[in-house]
Structure formats: C-alpha cells, structure tokens
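Structure first, commentary second.
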Amino acid sequence: MLHMRDKQAGEITGIYQATSRGFGFVTPEDGKSREDDWFIPPRSDGGAWHGDQVRIQPLEEEGEGRRRTARVTAVTGRANKTVTGILSRHNRELWLQPDNDKLPGPIQVLTKRRNVRAGDRAAVAMTSFGSSKLPPMGTLREVFGPAGERESAVAAILYQNDISRDFPDAVLDEAQAAPREVESSALAGRLDLRDKIIITIDGASSKDLDDAVSLEKDGRGRWVLGVHIADVSHYVTQGSALDLEAWERGTSVYFADQVVPMLPKELSNGICSLNPRVDRLALSCIMTLTPEGEVVDHTIAKSVIRTTERMTYEDCNLLLDGQRRGQAPALQERYRHILPMLEDMAALSKVLEGRRRRRGALELDTKESYVICDESGAPVDVAVHSQGVSEALIESFMLAANECVAEHLNRLDKPCVYRVHEKPSPDKAEALRTMVAPLGYDLKEADGPSLQKLLDASRGKPEEAAVSMMVLRALMKARYDGENLGHFGLGAKYYCHFTSPIRRYPDLMVHRILTALLDGKLTGQREKKLAAAVQKAAVQSSQREIAAQTAEREIEKRYMAEFMRGHLGETFAGTVSGVTRFGLFVMLPSGVEGLLPVEALPGQGWQYDESHLTLVSEGGGVSYTFGSPLEVVCAAADPTTGQIDFTLPGVDPAPRAARREKREEAPRPPRREKHRGNRRAMHVPKGRKGRKKR
C-alpha cells in the first residue's frame with residue numbers, strides 16, 4: 001500500500017485526471033474534495049495517462065489564492081490496459097486514435113492481420129505507453145466495424161468493460177443439455193404449491209421471469225405473502241462451466257432493446273423462467289404478516305410451482321387504477337379470478353411502504369429514462385419511466401423477501417452475500433450540508449429521517465430535482481459483502497439479494513447456501529467452502545456490477561445522441577443537472593443530458609464556486625446552479641462518442657462541437673526515424689487468469 005505522502009521526498013500519490021487540453025489534475029488518495037486536487041501543467045504529466053496511479057512533486061509552496069501545482073514524477077500503476085479507437089494508415093503503418101479524447105494518441109498498432117481497414121473502430125492491448133523517442137504501441141485485439149456505425153461503438157464499449165455477447169462452447173453445451181421441462185425426479189422433498197394462485201408481473205417484453213408472488217389470508221386474518229424465485233441453483237451447479245461463466249459475468253447487462261444475459265437463453269428464458277401454466281422449480285419465501293406489515297413468521301422451502309398468469313405491469317396498473325379500470329372491461333373479465341388478490345397486494349404494498357418510510361428508508365425521486373427503438377434497432381424516442389402501482393408492489397414484496405432471507409441466514413450464523421449500503425461519510429455529509437444551505441435548508445444530521453425530511457421539504461419546489469440529485473450523490477455506493485453491514489438507504493438491518501438469480505450472481509450464491517441449509521448439508525467442509533466463496537463472489541459481483549452500469553450508461557448515451565441528431569437546431573426546456581468549471585450539464589424532461597460549455601454562456605469571466613456547485617458571472621449578476629431552469633438549443637450530437645452539445649437560443653453552436661469536428665480528422669503520427677528492437681514495454685497487460693480477454 002502506497003503512502004499518501006512520502007515525508008522524505010515530499011511526494012504525494014494519487015490518480016491522474018487528464019483533460020483534452022493538455023493539462024490535468026491529480027486527486028490525492030486522501031483527498032476529500034476537488035479543492036484537494038493538484039494542477040498538473042502541460043508537459044508535466046511524466047508520461048501519465050488518464051486514470052493512472054502516480055506520484056507527484058509539488059512545484060511551489062501553497063499560498064493564499066495560489067493554485068496547488070505539481071509535476072508527475074512516476075507512474076506507479078497503469079489504468080488503460082486496452083484502448084478502443086479509430087484506425088488509420090500513414091506510411092503503410094497502422095495507427096489508432098483513441099475514442100477517449102483524454103488519452104494521448106495516435107497509438108501505433110502492431111498486427112499481422114491483413115485486410116484491416118482504415119476507418120474501422122478497434123481495440124488494442126497496450127504494450128508500451130511511449131517515450132520521448134517512441135510512440136505508444138499496442139497489439140490489435142479486436143475490430144468492431146466501421147466507426148460511424150452505432151453497433152461498432154456499442155461493441156467497443158462492451159469489449160472495454162469485458163462483456164461478451166457470446167458464450168463459450170462448453171457453457172452452451174451444458175445449457176443445451178439442461179431439461180426442457182421439470183423432471184419428476186426433481187420433485188422429491190419439495191413443497192408442492194401447484195394448486196396455489198401464483199402470478200408473475202413483469203414488463204411486456206421480459207422473457208427471463210425469475211420471480212412470482214402469491215397472497216392469501218390465514219385462519220387468524222393475517223397476510224400470507226409468498227415470494228417464489230426460480231431455483232436456478234438446481235440447474236447451475238457449483239464449479240460447472242455454467243457456474244464459472246456466470247461468476248465471470250456477475251450480472252446481465254441491459255440497454256435499449258437488448259440484453260447480454262448472465263446465463264444462456266436455454267436457461268434464462270427456458271427451464272429457469274417461471275413461464276405460465278408449466279411446472280417450475282423454485283425457492284419460496286413464505287411470510288406471515290400482521291395487518292400492520294410486521295413479519296411474525298416465515299418459511300423458506302424448496303418448492304414446485306405452476307404460475308397461474310403471466311401479468312404485465314401495464315395491464316396490472318390499468319386494473320388497479322380506479323379511474324381507468326372502466327376503460328378496459330375485457331381486461332377485467334379476463335383477470336376477474338385474480339383481481340381481488342391484486343387489490344389486496346396493492347393494499348399490502350402500501351402498508352409495507354409506509355413501514356419502510358417510518359423506519360428511515362429514503363424515497364428518492366430516481367426516474368429512469370429508456371430508449372424506444374424501431375424494428376431495425378434504431379432509436380426513435382426517449383421516454384421517462386414512472387413507477388406504477390404494480391411496479392411498487394413487486395418492489396415491496398421483493399424487498400420483504402430479501403430482508404427475510406438475510407435475517408434468516410444471519411440469525412443462524414450462516415454464510416451470506418449481503419447487499420450493504422453504509423451511511424454517508426462525514427465528508428459527504430458536510431458537502432451536502434454546504435450545498436443545500438444556500439437553498440434555505442438546514443441539514444443538521446445526515447441520517448435517514450433527516451435526509452427524508454430534506455427531500456420532503458423540497459417536494460413540489462423548483463429545486464426538488466436538484467435536492468434529490470444532491471442527496472443521491474452524497475450517499476455511498478451500495479455493494480456486496482460477506483459481512484452484514486445493513487442497508488442505509490432502505491433503513492434495513494439485514495439485506496441481501498435473493499430474488500433475481502437468473503440475472504445476478506450474488507442471488508445465485510444465496511440460493512446455493514439456502515439449498516445446502518435446507519438439505520442439511522451446510523456443515524463442516526461444505527460450509528467452509530461456501531463461506532470462502534462468499535467474499536470472493538461479493539468482490540467479483542461488485543466489480544462486474546460497476547462494469548455493467550458503466551457499459552449501460554455509455555451505450556445509452558450513444559443511443560440518445562443518435563436520437564438527438566434528428567433534432568439539431570430545436571429548442572428544449574431543460575434543467576441544470578450538473579455544474580463544472582467547464583460548463584453546465586442540462587437535462588431535458590426526457591432524461592437526455594448534454595453539455596452547455598462555459599464558452600457558450602454570455603459574457604466572460606465565469607467563476608466556478610465548488611462549495612455551492614455554482615457558476616457565477618463576473619460581477620455576480622447571473623448564476624447557474626443545480627435545478628436552474630434553462631432553455632437550450634441542440635447544437636450537436638455525436639452517436640460515436642455519445643456527446644450532446646447545447647447552446648442558448650440565439651447563440652452560435654457550442655465551441656466544443658466545432659472542436660470535435662476538427663478532432664474527427666485523426667492527427668497524423670509524429671515524424672520519426674524507424675527504431676528497430678529495444679522497444680521497452682512499460683506495461684504488458686494480461687487477460688484474466690485461465691481465459692482470453694474478450
């Protein structure tokens with residue numbers, strides 16, 4: 001572990017953050033805010049690339065009003081093991097201009113492949129990061145197709161995040177060998193629930209149905225809520241090719257109209273999917289609740305179910321909406337046999353929601369945008385998804401089951417992959433307190449009730465979205481851990497992921513542990529092996545979750561940019577969603593977000609106030625901050641980078657758009673003498689152990 005500061009040499013370690021303008025910043029490992037960053041002037045980066053771990057040497061003493069300036073003295077860790085970009089040819093040599101304009105280039109590409117075309121998007125594995133005499137070099141790993149096509153950009157993003165659409169042959173062979181229907185031999189010892197009314201509620205296009213629900217009352221008038229989850233662990237055995245591949249992937253990846261599944265479709269859409277009116281193996285968490293929503297008893301069992309109906313959120317919302325129900329008499333008739341249960345489910349969901357709120361769970365306004373594509377896969381619209389009654393009830397029931405399972409394993413002192421969410425750090429709490437103060441809010445504590453009080457106080461006001469975003473950014477990131485640390489955002493003492501084993505590996509691990517427990521085999525060496533696997537799975541799954549979220553976010557930006565390219569010159573009402581020293585991020589009601597560069601703002605001398613996240617004009621006459629309403633014009637949209645530029649009405653297109661057009665002409669490699677041999681590799685990346693990097 002590197003020390004934050006070498007007292008003898010006066011050096012500091014941190015992460016280098018490059019810019020496209022030649023200078024950069026280093027965020028110290030012990031930095032608490034951007035005010036702790038060090039400015040790295042041009043030609044002082046010491047060969048560091050964006051994201052690298054570095055050591056720096058201060059160039060001058062700190063003084064009032066002076067920018068903390070330093071130079072990079074050593075690169076201690078490389079971040080860019082592979083780089084994607086666009087290929088070009090110069091003097092019969094192949095070069096790659098990185099997609100990320102924060103990376104230097106061009107990179108000389110070493111390959112023996114023929115028929116590699118200039119203008120294609122590709123990936124190279126870095127073998128040398130260059131020197132004063134040699135350019136950076138890399139070996140060609142993958143070619144994705146013409147750079148101007150959306151699919152090549154999507155493929156490059158998936159590759160960069162180590163996400164593969166294709167499964168290895170051994171995995172496909174095991175998937176093909178899985179049964180197409182439940183075998184009678186698998187029913188032995190299972191709780192038979194096939195006579196119960198059990199339904200699934202999912203999106204209309206969903207094919208991987210891994211959760212089903214039931215609700216009835218017992219003889220004492222208490223609710224009996226059943227959450228029935230596909231028994232994926234029955235078909236994906238520990239150590240199998242399917243299991244190892246699922247571990248590598250960690251999660252399914254969803255974007256636009258596509259999915260990269262964790263498990264092959266023979267399982268995810270077939271024998272593991274709780275399809276209607278067919279037998280399926282499940283793990284059932286059956287909870288007995290008081291009218292006030294308190295769980296007073298529970299049973300966790302291996303079961304066999306046969307879902308009665310495959311419901312959609314859209315249909316359920318229509319059936320449960322008293323004002324709109326009369327518009328769908330055919331739907332009422334079709335589902336009259338389950339309508340009373342649906343109404344009871346909606347009522348219980350409200351009770352559970354109120355119970356969570358009272359214990360300190362946060363209600364964040366986190367509306368999600370989604371891209372609508374045509375039959376060819378091209379984006380034709382961007383819309384915001386708003387949660388309906390049926391989405392809320394499924395969420396409430398899944399949360400209840402996850403908490404119940406986590407508490408069950410914890411009280412028995414058995415291994416578990418917990419989903420943990422720690423309370424905001426003191427630094428984040430102080431930063432939030434500082435940001436909301438100018439809006440008139442006094443946040444004394446950053447606990448659940450206080451944060452919810454802040455959210456409630458801003459509801460319905462112009463700054464509501466801004467306050468919600470500030471609170472969200474102040475929270476720690478949820479992750480997986482083998483230790484129960486509770487879930488701050490949910491106000492839950494115990495929490496794990498149990499309800500989605502088709503698409504999340506931690507859920508599959510929890511199922512495996514529960515199955516061993518129910519079979520009486522969670523003892524001795526078996527328990528030790530699972531306990532050892534838990535923490536490894538927690539770390540791996542947390543890393544793969546971040547990779548999936550990064551890919552989903554980056555791909556979504558490409559789709560949104562392609563959609564906005566059809567709306568150049570149009571004016572939109574937006575809201576400031578981010579404030580930086582280089583401009584404002586503006587979000588449209590659809591969820592599309594773009595940059596309004598500071599150069600496109602009227603006047604000059606704009607000052608960035610980081611403590612209040614505000615851009616203030618010279619003299620203080622005009623200021624922009626989170627939540628400020630702003631009318632903007634779409635000036636540029638680039639589907640290959642996902643960048644969208646806005647300008648103000650009546651102002652010329654944003655300067656950044658012009659800079660990007662200029663950058664599209666890949667810079668020629670520097671003139672140099674040919675060097676033979678002695679090519680010192682500063683870093684040679686390796687693929688993951690035992691397999692080729694995909």
Side-chain angles (χ1 to χ4, degrees), residues 154 157 161 163 201-211 251-261 312-317 349 353 356 361-373 377 379-399 402 419 421 455 458-459 464-475 477-478 487 489-490 497 499-500 502-504 545-564 572-578 585-594 626-627 642 644:
V154 170
I157 292 169
N161 289 281
I163 298 167
I201 308 178
D202 292 274
S205 61
S206 298
K207 297 178 180 178
D208 51 349
L209 314 179
D210 52 9
D211 59 85
T251 180
S252 296
V253 182
Y254 299 87
F255 56 90
D257 60 343
Q258 300 182 49
V259 58
V260 180
T312 67
Y313 290 127
E314 295 82 359
D315 284 350
C316 282
N317 288 338
S349 170
E353 182 182 330
R356 289 196 306 274
L362 299 178
E363 293 181 16
L364 286 163
D365 182 19
T366 53
K367 295 179 180 177
E368 295 182 1
S369 300
Y370 63 98
V371 178
I372 301 172
C373 298
V380 294
D381 200 3
V382 179
V384 175
H385 175 76
S386 55
Q387 190 182 66
V389 177
S390 62
E391 289 95 337
L393 76 84
I394 287 296
E395 180 182 12
S396 281
F397 294 171
M398 297 306 112
L399 291 174
N402 286 337
R419 181 67 168 176
H421 185 224
L455 293 167
S458 67
R459 208 162 316 270
E464 177 183 356
V467 171
S468 182
M469 180 66 71
M470 290 176 189
V471 171
L472 184 62
R473 292 182 178 180
L475 298 177
K477 181 170 177 56
H487 197 293
L490 294 172
H497 276 166
T499 53
S500 295
I502 288 178
R503 63 183 181 88
R504 291 188 307 225
E545 179 184 42
I546 292 172
Q549 291 172 344
T550 299
E552 290 168 352
R553 183 173 60 250
E554 290 301 314
I555 291 172
E556 184 181 69
K557 284 166 57 179
R558 269 68 177 178
Y559 275 86
M560 288 184 172
E562 183 173 342
F563 170 71
M564 290 300 290
F572 300 88
T575 305
V576 174
S577 56
F585 285 98
V586 179
M587 184 171 288
L588 308 185
S590 64
V592 171
E593 188 177 52
F626 263 112
I644 298 170

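Just so you know, these numbers use all the heavy atoms, side chains as well, and skip hydrogens, waters and symmetry mates.
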| message | Tell me which one of D210, D208, L209 satisfies side-chain contact (heavy atoms from CB on, under 4.5 Å) with D202. | response | L209
Working to the nearest 0.5 angstrom, can you tell me the gap between [X] [atom1] and [Y] [atom2]?
| X | Y | atom1 | atom2 | value |
| --- | --- | --- | --- | --- |
| R459 | E464 | CZ | CD | 5.5 Å |
| I163 | I555 | CD1 | CD1 | 7.0 Å |
| H497 | M398 | NE2 | CE | 12.0 Å |
| L393 | C316 | CG | SG | 7.0 Å |
| L588 | M560 | CG | CE | 9.5 Å |
| L475 | R473 | CG | CZ | 12.0 Å |

Minimum heavy-atom distance between [X] and [Y], given as atom pair plus value:
| X | Y | value |
| --- | --- | --- |
| C373 | D257 | CB-OD2, 3.8 Å |
| P379 | Y559 | CG-O, 3.5 Å |
| S369 | S590 | OG-O, 2.9 Å |
| V384 | P589 | CG2-O, 3.1 Å |
| T251 | A548 | CG2-CB, 3.6 Å |

Could you check if a side-chain atom of [X] sits within less than 4.5 angstrom of a side-chain atom of [Y], using non-hydrogen atoms only?
| X | Y | value |
| --- | --- | --- |
| E363 | L455 | no |
| I157 | R558 | yes |
| T575 | F585 | no |
| V154 | F255 | yes |
| F563 | D381 | yes |
| V471 | L364 | yes |
| R503 | Y254 | yes |
| H385 | Y313 | no |

| query | Is a side-chain N or O of N317 found less than 3.5 angstrom from the main chain of S390, in a donor-acceptor match? | reply | yes
| said: Tell me if a side-chain donor or acceptor on T312 pairs with a main-chain N or O of D315 at a distance below 3.5 Å. | reply: yes
| task | Assess whether side-chain contact (heavy atoms from CB on, under 4.5 Å) is satisfied between Q549 and K477, documenting all intermediate values. | result | CA-CA 12 Å; Q549 291 172 344; K477 181 170 177 56; 2.9 Å; yes
| message | Please evaluate residues E554 and K557 with respect to the criterion salt bridge (charged side-chain N to carboxylate O under 4.0 Å, His left out), reporting the C-alpha separation (whole Å), side-chain torsions for both, the decisive distance (0.1 Å), and the verdict. | response | CA-CA 5 Å; E554 290 301 314; K557 284 166 57 179; 3.4 Å; yes
| task | Take the angle between the ring planes of H421 and H487 and call it parallel below 30°, perpendicular above 60°, tilted in between. | result |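 The arrangement is tilted - the two ring planes meet at 30° to 60°.
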| query | Does any donor atom in the side chain of S577 or E593 lie under 3.5 Å from an acceptor atom in the other side chain? | reply |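 Short answer, yes.
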| query | So, R504 versus S252: side-chain donor-acceptor pair below 3.5 Å or not? | reply |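 Side-chain D/A pair, R504 to S252: absent.
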| task | Decide yes or no on side-chain contact (heavy atoms from CB on, under 4.5 Å) for V592 and M564, but give the supporting numbers first. | result | CA-CA 8 Å; V592 171; M564 290 300 290; 3.7 Å; yes
